[in-house]
Amino acid sequence: MSALRATARRSSPLGTTTLAGLKPAFFITLVSIVAVVIAAIMSEPFRSPTNVESLLFQMAPLLLVAAGQAVVITTAGIDLSVGSMMSLATVLAAASSSSAALVIAIVLAVGLAGGLGNGLGVVSGVNPLVMTLGTMAIFRGVALLVLGQPGGIVPPDLLTPLTTVFGNVPLTFLLAVGAVVLLWLATAETRWGRALFAVGGDEGHARRARLPVKRTLLIAYSVSGMFAALAGLALVARIYSGDPNVGDPFALDSITAALIGGIAVTGGRGSVLAVIPAVLLLALTDNLLNLAGVFSYWQYIAKGVILILTLWAYHAAGRPSGLLAMARGGWRKPGGSSGAAGSSGSAAKGAAS
Amino acid sequence: MLDANGGPSAGPPSAAVLVCDALDKRYGATHAVRDVSLTLAAGRTLALMGENGAGKSTLMAMIAGEVKPGSGSATVDGFVAVVHQELSLFADLTVGENICIGREPRLLGRGPVNNRALRTQARAALDRLGVAIDVDTPVSKLSPAEQQLVEIARAVALDPALLILDEPTSSLEPSQVDLLHAATERLKAAGTSVIFVSHRLEEVFRFADEIAVMRSGALVGAGPASDFTRESLVASMVGRELEQLYPDRSAARPDAAPILTFDAVGGHGVHDVSLTVKPGQIVGIAGLEGHGQHVVAELAAGVRRVRSGSIAIDETRAKLRSPREAIAAGIAFVPPDRRSSGLMLPLSIAENLTVAAAHRLHPSRLLSRAVEQRAIAPVAERLRLRYASMEQRVGELSGGNQQKVLFGRWLLVPNLRLLVLDDPTRGVDVGARAEIYSVLRELADRGVGVLLVSTDMLELIGLADEIHVMYEGAVRGTVPGHSATEEEIMTLASGVTA
Amino acid sequence: MERRASPLRARLLRSRELLVSYGLALALLIAFAIATPGGYEPDRILTILGQNAQLGIAAIGQTVVLLSGGLDLSIGPVMNMASVVSSAGMRGQDGNIAQGVALAIACGAGVGLVNGLLVSRAKIPPLLATLAVGTIVQGGYYVYTEGQPKGGVAPGLQSAADARVFDTIVPWWLVLWIAVWVVVAFLLYRTTWGRRFYAAGASPRAAWLSGVAVSRYVVGAYVLSGICAAIAGVALTAYTGSPSVSGADSYTLQTVAAAVIGGVAFSGGIGRLAGAFAGVSVLVFLSTILDTLNVDSAAQYIVQGAVLIGMMVVNRRLAGRGSGSAGR
Amino acid sequence: ALTVAGCGSSSSSSSGSATTRADPGGKFTIGYDVYWLGNSWSTQLAEEFRAAAERNRDSIEKVVYTQSDNQVQKQISNVQSMISRRVDAIIMTPISPSASVPVIQQANRAGIPVILVAGQADTRDTAAEVRADDIVFGRTGAEWLVRELGGRGKIYVLNGLPGFSTDTLRWKGAKDVFDRYPDIEVVADAHAAWDTARAKTAVSNMLAAHPEVDGVWSQGGAMTLGAIQAFRAAGKPLVPMTGENNNGLMKVWDSLNRAGDRRFDSIGVVNPTWVGSEALTQTLNLLRGDEVRKVNLVNPAPITSDNLADYVRTDLPDSFWVDTRLDDAQIRALFDR
Ligand SMILES: Nc1ncnc2c1ncn2[C@@H]1O[C@H](COP(=O)(O)OP(=O)(O)OP(=O)(O)O)[C@@H](O)[C@H]1O
Ligand SMILES: Nc1ncnc2c1ncn2[C@@H]1O[C@H](COP(=O)(O)OP(=O)(O)OP(=O)(O)O)[C@@H](O)[C@H]1O
Ligand SMILES: [Mg+2]
Ligand SMILES: [Mg+2]
């Protein structure tokens with residue numbers, strides 16, 4: 001048996017797949033750190049306290065919503081409704097003049113309920129993209145019913161903690177990073193998390209292995225809804241009010257961030273933690289192009305190119321299969337370097353379909 | 001119609017682990033399982049036999065509770081674990097994570113996964129089976145045989161009352177089959193019952209205490225294994241006497257110029273492979289899993305590109321850069337994993353059969369259903385394909401019939417010159433195998449060359465004119481097909497120097 | 001041999017989703033006829049369909065891409081681009097119509113080509129590749145126009161958007177939609193290319209091993225989608241009478257919804273082109289009913305979302321599982 | 001209200017970085033956030049500003065442009081980046097009146113005055129505001145329509161997008177008028193996103209459902225054009241419709257007038273693009289220490305059939321907005337670049 005590997009690996013408290021999932025994020029982490037350092041040296045406005053604070057405030061909502069999105073994408077699904085859920089959260093925060101605790105409870109409950117709704121649809125067989133397209137409209141409608149136009153008053157006892165800044169580091173940013181780390185641990189190191197990767201890898205196999213497929217999916221979408229609601233609160237820290245349209249761009253931005261972080265659109269692969277460097281990279285791109293005075297239509301072009309280049313880099317870095325949305329069934333252009341083991345691997349994955 | 005009730009299981013009814021009562025299942029026009037009643041006592045092994053599409057997997061799925069019976073019921077006293085015909089591991093998780101999936105040991109009661117304990121548990125499960133696979137390896141890096149073993153280890157680790165093994169040995173080597181056999185014996189001793197589905201007759205007699213035979217969804221025979229002989233078993237499966245599995249060899253044509261020549265070909269883990277395939281010749285490639293025989297097939301079919309040495313077609317050097325170029329040169333390929341690389345599962349039988357020949361069948365590029373019907377009807381007939389309609393999704397066919405469709409695809413290509421087959425009869429029943437073999441022989445007699453890669457040594461011995469045995473990426477030796485023995489091939493394949 | 005199901009029945013069984021989606025479209029049409037004044041008049045129904053030809057045409061492209069196993073999120077931007085480019089080419093002159101339309105179609109095909117190459121050669125997931133290309137295209141026409149589209153729509157084209165075929169009640173734009181549909185359906189279902197295309201979509205690996213030049217078909221799907229989007233963009237511009245850099249933004253997701261309501265799955269190779277027609281009808285009649293009943297905008301969003309989901313649930317129930325859900 | 005001159009100078013003296021600001025004859029760095037370039041009005045607004053900046057070259061060191069693409073988040077970041085770059089003044093069009101408040105206050109804390117153009121914010125902390133009053137905009141059209149219909153009739157209403165303040169305010173202005181006339185009946189209304197295509201489809205549906213109609217109140221000229229097209233496509237005679245100062249409407253209206261269509265009439269309620277230029281003037285005054293009025297509402301006289309001929313530009317595309325401060329060369333540049 002030539003293929004036997006009896007290498008004794010040091011016994012890490014974290015799972016092997018958990019650790020391996022972090023590897024692909026190394027590249028963008030490096031790029032974003034280098035970019036931060038270079039930008040800080042080159043650009044005086046960049047390292048100004050205002051800008052640092054602005055950058056971190058800006059990252060908080062995207063971090064949260066992208067982490068939730070990453071969980072859903074790991075199930076091979078997608079959540080287009082997160083943007084309107086964020087808007088809904090902002091208007092709820094601004095329209096209900098109650099105590100901070102109550103507002104947070106309401107917002108989280110609505111996020112949970114909305115996400116659960118998505119999950120129920122998906123579990124009953126509705127395509128996730130269509131399901132969340134539907135709830136996207138519903139949440140938007142509800143947001144407009146709650147608050148017909150931007151405004152409202154955010155309870156001061158909520159606004160105060162939301163806008164607290166330590167030095168130049170906003171509390172919302174710290175909380176967002178904390179929440180992402182917690183979510184990462186939950187996805188990577190709990191039974192639910194393992195089931196999540198299994199369901200995303202192959203739902204049919206998961207069902208045969210008698211994993212609680214439905215529960216896993218329900219939790220995944222609920223988490224996404226809740227994180228979108230939290231992201232809405234983080235957005236309130238920026239706009240100090242409610243706005244029934246403010247979350248719209250986040251649907252696509254969160255997907256972009258998750259995929260740049262290396263979450264495979266085909267599901268079952270990736271690491272929620274990787275959304276942190278991905279969001280940093282996206283925020284930096286915006287920020288630097290902005291400071292460089294590049295007009296936004298060029299920013300579109302630059303962003304598109306960066307998106308393509310990042311994914312290309314993943315591909316070149318030798319994890320092609322993780323990014324092959326197109327090539328379901330383990331289709332890999334033969335002639336690659338992997339040899340016999342590689343083709344059997346793809347066979348195993350493909351045998352599922 | 002026979003009824004297995006009370007027949008084979010001698011013990012008192014209270015000892016029955018499994019009781020099936022008039023199980024019945026239809027899929028549209030297909031009556032997959034008809035009124036099957038069956039009991040199985042604790043600690044017994046039942047071999048379930050039957051042609052492809054006889055309904056074995058469907059019956060197992062109903063017993064395991066994965067498919068709802070149309071009518072009737074299955075009662076199991078305890079937990080059922082299933083090793084499915086198609087692997088159902090998670091390619092991106094590690095061996096250990098796969099074995100413990102859904103039952104991960106946890107810290108602090110219901111807290112996070114305890115990965116150290118998980119590794120230990122997984123290692124223990126593999127040890128129980130007697131295999132040494134690193135629990136931290138991602139499953140995608142394993143060979144099909146290793147994956148199969150992991151799947152078995154996962155099922156065994158569940159300590160089931162009933163273990164269902166649906167064709168568990170189709171990708172295993174003899175030594176691994178021995179491991180499995182030992183494991184099932186241990187389980188039996190501990191009171192676990194086993195249902196074993198296989199198309200390999202030798203194994204059936206080795207593993208089983210009892211045998212049940214299905215045909216067209218119905219149970220047509222059941223009894224202690226000792227009541228059956230090879231011949232009687234085949235006859236009750238196929239419903240007729242099968243005179244001969246392997247067709248007669250025809251006269252070789254040693255003087256013909258080779259269609260395909262490998263000259264010291266290397267790349268992708270193989271090196272210095274030299275061989276020729278002449279018109280009408282069936283050339284076999286033997287070897288244990290992972291020794292490069294699949295790569296040889298893929299090189300010949302243009303799936304992979306040659307890195308060193310050269311390939312010649314009709315004695316002129318050729319560069320096969322894609323299957324497409326190979327097909328243009330008359331070389332066809334039947335891949336081993338029919339569900340992922342062979343068939344388009346959501347498409348119809350007709351669409352699957354005609355994909356390669358579409359342009360030839362319809363030179364004007366306009367589809368004509370009449371032309372298509374005329375072309376595919378004889379092929380379906382020739383292969384004895386069991387189907388409800390040509391418009392049926394191919395994914396609904398049983399495994400063996402899927403394999404026939406895959407094979408039939410190339411019978412529609414008129415300029416076929418060389419057929420490259422990689423494990424073409426994996427999971428195919430004897431009857432269908434006999435049909436495929438006779439078609440192969442017929443093609444060879446028409447002057448088509450065949451390059452046959454197989455893990456089934458008997459198949460190679462029964463069909464091939466010469467057999468190249470591979471070991472660690474190179475041809476270790478070549479034996480003439482008509483006089484080869486299993487021992488001879490095994491010796492070469494294990495790298496034992498003569 | 002066993003008894004055989006009739007080919008027609010088998011084919012219908014395979015297209016259960018299609019039947020269900022037409023059932024839904026019919027149900028909405030009936031609701032439309034009952035709930036809105038004049039809703040039963042063929043004239044009105046045809047007018048509404050004609051007014052939504054651009055969505056129908058764009059949805060054809062999206063359907064083809066979905067069948068290839070991909071997704072095209074650049075449809076909205078390409079439609080806007082076509083709007084900008086065609087009016088720059090026409091410069092408001094009837095004599096320049098052909099030139100403007102050809103220019104738009106060429107640009108659409110070019111964008112489709114880039115999408116296709118990124119997906120099939122660079123192996124970038126379609127969702128991201130087309131999103132990125134869409135973003136770049138958007139940047140491109142903003143750079144070109146600086147927000148202010150040049151030229152104008154030729155009056156001839158503009159009047160064609162509202163005109164009827166000779167003296168019938170059939171709008172020209174509906175004819176255009178059906179014509180595009182017929183051409184694409186012919187390619188898909190009556191030629192060997194269509195055969196091989198479906199194979200490539202259903203299982204790229206299996207198709208490649210059977211000698212199908214998979215990447216060519218994948219590229220072809222995106223090019224076709226780009227062309228459809230360009231035609232749709234021109235149709236929209238003609239309908240509005242003026243070019244716009246943002247008028248088609250909502251079309252991207254609408255085409256996806258239409259295709260999926262029509263029974264096309266995301267996994268490739270599953271579904272029929274005819275489904276897109278039903279999908280578009282469902283979307284269009286629903287919004288017309290809501291508009292006509294004067295339902296408040298906020299409530300409209302809710303009703304539309306709920307109906308979309310409700311229909312998909314019904315579709316699942318009636319057509320059974322097997323395609324289009326999260327797992328394959 | 002407080003005049004901002006004092007505020008500006010006091011902050012400049014307190015902030016060491018704003019070196020140029022105290023010097024009345026010096027040059028200033030001005031931040032301008034282009035809120036959107038998604039339609040011709042927003043484009044021309046930015047162009048008017050640019051042209052004005054060009055005219056005031058002597059007083060301007062540099063203009064820092066950013067672009068927000070109609071996204072609240074982006075606008076906040078953009079303005080914050082201007083703060084990091086320590087511009088002397090920020091001119092912006094708030095995408096959301098409420099969400100822009102914190103960033104305006106942040107700018108003030110950094111000693112940078114914020115001047116709003118063509119929009120408003122829910123705060124008193126701006127240095128100056130230049131805009132058309134949206135309530136007046138809605139009211140002007142409504143009053144004209146009521147007059148035109150003699151105080152009775154069935155009308156269609158075309159609104160913009162729900163959740164945007166422009167939409168809410170314009171409709172509020174109009175509704176106040178309609179409420180005073182019980183015989184004016186709104187038989188159908190729709191949100192058509194200020195978009196011609198959406199308006200055309202919406203009005204087609206309205207015509208089918210409520211064929212009897214005497215007038216159309218529309219929030220914007222692009223939608224009025226859509227309404228006209230829908231009437232024509234349905235073969236219905238046109239009715240009076242309110243409009244805006246967009247050249248497309250002017251051209252149609254003009255040609256209808258020439259053709260002698262008596263039933264149709266319109267009013268071009270002017271939402272001037274030259275507020276962009278006006279905002280710069282105010283900003284420079286402010287920076288120089290001159291007295292500046294805080295709220296500058298500009299609602300120029302509407303265009304009517306009587307003065308239509310003075311405005312319509314048949315030589316320019318539909319997307320041009322009449323009543324401009326751009327000179328002919330600049331207009332040409334806008335359309336021929
Ligand atoms: N999901 C399904 N839909 C429709 N028909 C099905 C389905 N599953 C199985 N069938 C049909 O039921 C019959 C029995 O299939 P089954 O898989 O049980 O056969 P099998 O005995 O396991 O064959 P093999 O030895 O080839 O694995 C076949 O005719 C098959 O085509
Ligand atoms: N009618 C025919 N008779 C004989 N050989 C043919 C015929 N049509 C095609 N071939 C051969 O089959 C191969 C593939 O054909 P061709 O290049 O026409 O297909 P294609 O349309 O490009 O394929 P695809 O549709 O996959 O792109 C070619 O090598 C060609 O020589
Ligand atoms: Mg089976
Ligand atoms: Mg071709």
Side-chain angles (χ1 to χ4, degrees), chain A residues 43-55 57-58 61-62 86-87 90-91 94 140-141 143-145 147-154 159 163 235-250 253 283 286-300, chain D residues 17 31 33-38 46 62-87 94-107 109-110 112 119-123 160-169 171-172 191:
Chain A
S43 162
E44 198 249 314
F46 178 81
R47 52 176 194 267
S48 80
T50 318
N51 191 56
V52 171
E53 195 180 307
S54 164
L55 194 64
F57 258 123
Q58 192 189 338
L62 187 55
M86 285 175 71
S87 305
T90 67
V91 301
R140 171 177 300 157
L144 282 167
L145 285 181
L147 198 64
Q149 58 172 329
I153 293 156
V154 183
L159 202 53
T163 51
L235 207 49
V236 169
R238 218 157 147 64
I239 64 176
Y240 290 51
S241 59
D243 185 332
N245 295 304
V246 69
D248 291 355
F250 283 90
D253 283 356
D286 262 0
N287 192 256
L288 290 177
L289 288 173
N290 217 327
L291 289 178
V294 177
F295 231 28
S296 104
Y297 26 71
W298 286 106
Q299 288 183 27
Y300 281 121
Chain D
S17 62
D33 180 63
V34 180
Y35 84 102
W36 201 30
L37 288 177
K62 177 181 170 206
V63 181
V64 172
Y65 287 101
T66 59
Q67 212 178 320
S68 290
D69 301 322
N70 218 12
Q71 292 178 19
V72 173
Q73 271 274 313
K74 221 168 173 176
Q75 186 165 53
I76 294 170
S77 307
N78 285 344
V79 173
Q80 284 172 335
S81 86
M82 290 181 195
I83 300 173
S84 328
R85 278 185 279 185
R86 303 201 197 98
V87 296
I95 293 163
S96 155
S98 51
S100 47
V101 175
V103 78
I104 291 170
Q105 289 167 343
Q106 196 181 349
R109 281 197 297 277
I112 303 171
Q120 53 186 318
D122 302 337
T123 175
L161 264 181
F164 288 91
S165 59
T166 305
D167 173 76
T168 323
L169 294 176
W171 172 232
K172 182 177 175 343
H191 278 103

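Computed from a predicted structure; not experimentally measured. We name chains A, B, ... by the order of the sequence lines, and we start the count at 1 in each one.
Atom CD1 of residue A:Ile239 and atom CD of residue D:Gln75 lie 12.0 Å apart, to the nearest 0.5 angstrom. Note that the OG atom of A:Ser54 and the CE atom of D:Met82 stand 12.0 Å from one another [nearest 0.5 Å]. Once rounded to the nearest 0.5 Å, the distance linking OG of D:Ser81 with CG of A:Leu289 reads 11.5 Å. The CD atom of A:Gln149 sits 4.0 Å away from atom OG1 of D:Thr168, with the distance rounded to the nearest 0.5 Å. To the nearest 0.5 Å, atom CD of residue D:Gln71 and atom CG of residue A:Asp253 are 7.0 Å apart. Once rounded to the nearest 0.5 Å, the distance linking CZ of D:Arg85 with CG of A:Asn51 reads 9.0 Å.
Every residue meeting the side chain to side chain contact (heavy atoms under 4.5 Å, CB included) condition with D:Val63, not counting sequence neighbours, appears here in chain and number order: D:Tyr32, D:Phe49, D:Ala53, D:Ile60, D:Tyr65.
A:Pro61 touches chain D through its side chain: at least one heavy atom from C-beta onward sits under 4.5 Å away, while N, CA, C and O do not. With a 4.5 angstrom heavy-atom cutoff, D:Val103 does not touch chain A via any of its atoms. Neither the backbone nor the side chain of D:Ile95 comes within contact range of chain A, judged by heavy atoms closer than 4.5 Å. Only the side chain of A:Tyr300 comes within less than 4.5 Å of a heavy atom of chain D; its backbone N, CA, C and O stay farther away. Contacts between A:Asn290 and chain D at a heavy-atom distance below 4.5 Å involve backbone atoms as well as side-chain atoms. The part of D:Val72 that comes within reach of chain A is its side chain, from C-beta onward, which places non-hydrogen atoms under 4.5 angstrom from that chain. Looking at A:Phe46, there are no atoms closer than 4.5 Å to chain D (heavy atoms on both sides), in backbone or side chain. A:Leu291 touches chain D through backbone and side chain together, each having a heavy atom under 4.5 Å away. For A:Thr50, the parts lying under 4.5 angstrom from a heavy atom of chain D are both the backbone and the side chain.
Open room surrounds CD1 on A:Ile153; 12 or fewer heavy atoms of other groups in view lie less than 6.0 Å from it.
Chain A forms more heavy-atom pairs under 4.5 Å with one residue of D:Pro162, D:Ser165, D:Pro97 than with any other, namely D:Pro162. If you tally non-hydrogen atom pairs under 4.5 Å between each of D:Gln80, D:Gln67, D:Gln106, D:Lys74 and chain A, the highest count goes to D:Gln67. Among the candidates D:Val34, D:Asp69, D:Thr66, the residue making the largest number of heavy-atom pairs closer than 4.5 Å to chain A is D:Asp69.
For the pair A:Ser241 and D:Ala99, the tightest heavy-atom approach, listed with the atom from each and the gap, is OG-N, 3.5 Å. Summarising the geometry of D:Ser98 relative to A:Gly242, their closest heavy-atom pair is OG-O, 3.9 Å, with the distance given to 0.1 Å.
In this structure, a donor-acceptor pair under 3.5 Å is present between the side chains of D:Ser77 and A:Gln58.
Counting heavy atoms from C-beta on, the side chains of A:Phe250 and D:Gln73 come closer than 4.5 Å.
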